[in-house]
Participant: 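Okay, here's the structure, questions in a sec.
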Amino acid sequence: MHPGFPLDSFPPAGAQPAYWVGPRHLAGDDGRLYDVVADALSGLGWTSLTIVRGRQEPDEKPEDRQVLRSTVLHISPDSLRWAQWVLPDEPFYLGDLPIAWQTSARADTSSLLAQWSAYFTPGVPGEAVADFLVALDARDQPAVPLADPELILGAVTGHGWLRDIDQPQAAATDPTFTSHVSMGEVPPLIQDADLRALTTGADEAGPSGWQAWAEPALGAPCLWAASFSSSVPHDLVAAFAASISSTAPVLRRVLPESTQDRLLRAPAG
């Protein structure tokens, strides 16, 4: 028996063996980042739309169409929040990783512009993205800002993470100094309704937002990265932070090569 690890059935014959692993922030996305998040959104009643951009010749059969890019847009029942799977659509990069999910919200349906956006690369545990979206779905007014850094820092320090010595009110890291959450200037191309994002000069600091990432070794490629624009409500960032730092094990069949030696694992079954 493995205390703390939930019981589960054995994997189907021929499937890769499944394990309960931890810590979650080093467990990767199991190669199922789309499926895990899409299933959660479907359970919340969000509508999914496939957006296809391609090329079709005259009299060409639909099955012969050359699809150049295809993304999937998930929209909440009130149309105030949405999440888009953009990995196939030539996304921009965050921490040298392409964006996989982009999530946004607006104040009302008359506005075409998002009030804020959050971005998640491959490698982010799907459980953390799903928990962020569940919190977003439950919020009555998704675009109303809330600034309280202690919500984020309290979420991770409650799971054993350490406050940064130099920035105790704005950053924290896990005990192995591999994964981080930090308030700082947002990277380029992060969309937000804050006008400072458009008017900041080349030598001026832009608006600040929460960033999170895992760097298995100093100078090594990131395992995953997440970026929250300056207007993302801090209670939503805290939902992500609480999930990514959770000590509860997660089910995995595919382990990240860069962190598999650091993972505790127990057979799922």
Participant: Between L80 and W116, is there shared hydrophobic-cluster membership here, with clusters defined by ILVMFWY side-chain heavy atoms closer than 4.5 Å?
Facilitator: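 No, L80 does not connect to W116 through the hydrophobic network.
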Participant: Specify the closest pair of heavy atoms between P233 and V144, including all atoms of both residues, with the distance to one decimal.
Facilitator: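 The pair with the smallest heavy-atom distance is CG-O, 3.5 Å.
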Participant: With S117, which residues qualify under side-chain hydrogen bond (donor to acceptor under 3.5 Å, both in side chains), at least two apart?
Facilitator: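 So S117 forms a side-chain hydrogen bond (donor to acceptor under 3.5 Å, both in side chains) with S104.
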Participant: To the closest 0.5 Å, what do you measure between CE (M183) and CD1 (I152)?
Facilitator: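 The distance works out to 6.5 Å.
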Participant: Hey, quick one: are W210 and Y119 part of the same hydrophobic cluster, counting side-chain heavy atoms closer than 4.5 Å, chains of contacts allowed?
Facilitator: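 No, no single cluster joins them.
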Participant: Side-chain contact test, heavy atoms from C-beta onward, threshold under 4.5 Å: evaluate it for S179 versus W161 and give yes or no.
Facilitator: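 Counting from C-beta outward, S179 and W161 do come under 4.5 Å.
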Participant: Between V86 and V186, is there shared hydrophobic-cluster membership here, with clusters defined by ILVMFWY side-chain heavy atoms closer than 4.5 Å?
Facilitator: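 Yes.
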Participant: Give me the atom names and distance for the closest heavy-atom approach of L153 to A172.
Facilitator: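 That would be CD2-CB, 4.0 Å.
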Participant: For R265 and Q260, what are the C-alpha separation, side-chain angles and deciding distance, and is it a side chain to side chain contact (heavy atoms under 4.5 Å, CB included)?
Facilitator: CA-CA 9 Å; R265 67 186 81 173; Q260 59 182 335; 4.2 Å; yes
Participant: Which heavy atom in L162 sits nearest to a heavy atom in P175, and how many Å separate them?
Facilitator: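 Closest heavy-atom pair between L162 and P175: CD1-CA, 4.2 Å.
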Participant: Taking the side chain as every heavy atom from C-beta outward, state whether W82 and T103 have any atom pair closer than 4.5 Å.
Facilitator: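 They are not in side-chain contact.
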Participant: Which residues end up grouped with L218 if you chain together Ile, Leu, Val, Met, Phe, Trp and Tyr wherever their side-chain heavy atoms are less than 4.5 Å apart?
Facilitator: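 L218 clusters with nothing; isolated.
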Participant: Taking the side chain as everything from C-beta on, heavy atoms only, tell me whether R106 gets closer than 4.5 Å to L113.
Facilitator: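 No, their side chains stay 4.5 Å or more apart.
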Participant: Using a cut-off of 6.0 Å, state whether more than 12 heavy atoms not belonging to Q141 lie near its atom CD.
Facilitator: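 Check fails, neighbour count at 12 or below.
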Participant: Using distance only, find each side-chain donor-acceptor pair of residues 123-135 under 3.5 Å and give its atom names and separation, not counting sequence neighbours.
Facilitator:
| residue | atom | partner | partner atom | Å |
| --- | --- | --- | --- | --- |
| E127 | OE1 | R252 | NH2 | 2.9 |
| E127 | OE2 | R252 | NH1 | 2.9 |
| D131 | OD2 | S243 | OG | 2.6 |

Participant: Can you sort out the partners of W101 under side-chain hydrogen bond (donor to acceptor under 3.5 Å, both in side chains), two or more places apart, ordered by chain and number?
Facilitator: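 By the side-chain hydrogen bond (donor to acceptor under 3.5 Å, both in side chains) rule, W101 matches no residue at all.
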Participant: Without swapping roles, check the side chain of D108 against the backbone of S111 for a donor-acceptor pair under 3.5 Å.
Facilitator: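 Answer holds: yes.
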Participant: Output all residues satisfying side-chain hydrogen bond (donor to acceptor under 3.5 Å, both in side chains) with D30, sequence neighbours left out; order by chain, then residue number.
Facilitator: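 side-chain hydrogen bond (donor to acceptor under 3.5 Å, both in side chains) check on D30 returns nothing, list empty.
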Participant: Which residues pass the ring-ring contact (aromatic ring centres under 6.0 Å, His included) test with W46, not counting sequence neighbours?
Facilitator: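 In terms of ring-ring contact (aromatic ring centres under 6.0 Å, His included), with neighbours along the sequence ignored, W46 is linked to no residue.
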Participant: How many angstroms lie between CD1 in I99 and CD1 in I190, if you round to the nearest 0.5 Å?
Facilitator: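 These two atoms lie 6.0 Å from each other.
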Participant: Is there a side-chain contact between P142 and L236, using heavy atoms and a 4.5 Å cut-off?
Facilitator: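 They are not in side-chain contact.
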Participant: Quick one: pull up CD in Q191 and OG in S231 and give me the separation to the nearest 0.5 Å.
Facilitator: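 Reported to 0.5 Å precision, the distance equals 12.5 Å.
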Participant: Only one of L26, V21, D261 clears side chain to side chain contact (heavy atoms under 4.5 Å, CB included) with L255; which?
Facilitator: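 Answer to the side chain to side chain contact (heavy atoms under 4.5 Å, CB included) test with L255 among L26, V21, D261: V21.
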Participant: Return the minimal non-hydrogen interatomic distance between A100 and L33, and the atom names on each side.
Facilitator: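 Closest approach of A100 to L33, heavy atoms only: CB-CD2, 3.9 Å.
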Participant: Holding to ring-ring contact (aromatic ring centres under 6.0 Å, His included), I want the full list of residues that pass it with Y93, two or more places apart in sequence or in another chain.
Facilitator: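 With sequence neighbours excluded, Y93 shows a ring-ring contact (aromatic ring centres under 6.0 Å, His included) to no residue whatsoever.
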Participant: Is it the case that one hydrophobic cluster holds both L41 and I75, taking links as side-chain heavy atoms less than 4.5 Å apart, direct or via other members?
Facilitator: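 Different hydrophobic clusters.
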Participant: What do the steps show when you test L251 against W20 for side chain to side chain contact (heavy atoms under 4.5 Å, CB included), and what is the final call?
Facilitator: CA-CA 5 Å; L251 189 65; W20 290 104; 3.8 Å; yes
Participant: When hydrophobic residues are tied together by side-chain contacts of less than 4.5 Å, even through go-betweens, does L87 share a cluster with L97?
Facilitator: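 Different clusters: L87 never reaches L97 through Ile, Leu, Val, Met, Phe, Trp or Tyr contacts under 4.5 Å.
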Participant: Which heavy atom in H234 sits nearest to a heavy atom in P149, and how many Å separate them?
Facilitator: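 Nearest heavy atoms, H234 then P149: ND1-N, 3.5 Å.
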Participant: Give every residue pair that meets the side-chain hydrogen bond (donor to acceptor under 3.5 Å, both in side chains) criterion with at least one member in residues 72-81, sequence neighbours excluded.
Facilitator: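 Residue pairs with at least one partner in residues 72-81: Y34-H74, S76-D78, D78-R81.
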Participant: Ring pair (Phe, Tyr, Trp, His ring centres under 6.0 Å): which pairs involve residues 169-189, sequence neighbours left out?
Facilitator: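 Only H180-W213 qualify under ring pair (Phe, Tyr, Trp, His ring centres under 6.0 Å).
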Participant: With rounding to the nearest 0.5 angstrom, report the CG to CD distance, L94 to Q102.
Facilitator: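 That separation rounds to 11.5 Å.
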Participant: I need the full list of salt bridge (Lys or Arg N to Asp or Glu O under 4.0 Å) pairs touching residues 221-249, with sequence neighbours left out, sorted by first then second residue.
Facilitator: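 Only R139-D235 qualify under salt bridge (Lys or Arg N to Asp or Glu O under 4.0 Å).
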Participant: Between CD1 of I244 and NE2 of H25, what distance do you get to the nearest 0.5 Å?
Facilitator: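 Going from the CD1 atom of I244 to the NE2 atom of H25 covers 8.5 Å.
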Participant: For residues A27 and V250, report the shortest heavy-atom separation together with the two atoms involved.
Facilitator: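 It is CB-CG2, 3.7 Å.
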Participant: Do side-chain atoms of T121 reach the backbone of A225 as a donor and acceptor pair under 3.5 angstrom?
Facilitator: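 Yes, the answer is positive, given that a donor and an acceptor are paired below the 3.5 Å cut-off.
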Participant: Listing request: all salt bridge (Lys or Arg N to Asp or Glu O under 4.0 Å) pairs with a residue in residues 154-176, at least two apart in sequence or in separate chains.
Facilitator: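 Listed by first then second residue: E150-R163.
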Participant: Does the side chain to side chain contact (heavy atoms under 4.5 Å, CB included) test come out yes or no for V36 and D29, once each step is laid out?
Facilitator: CA-CA 9 Å; V36 169; D29 63 13; over 6 Å; no
Participant: What is the distance from atom CG of L146 to atom CG of L151, rounded to the nearest 0.5 Å?
Facilitator: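 CG of L151 is found 6.0 Å from CG of L146.
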Participant: Which residue pairs pass the ring pair (Phe, Tyr, Trp, His ring centres under 6.0 Å) test with at least one member in residues 235-269, sequence neighbours excluded?
Facilitator: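 Qualifying pairs: F120-F240, F228-F240.
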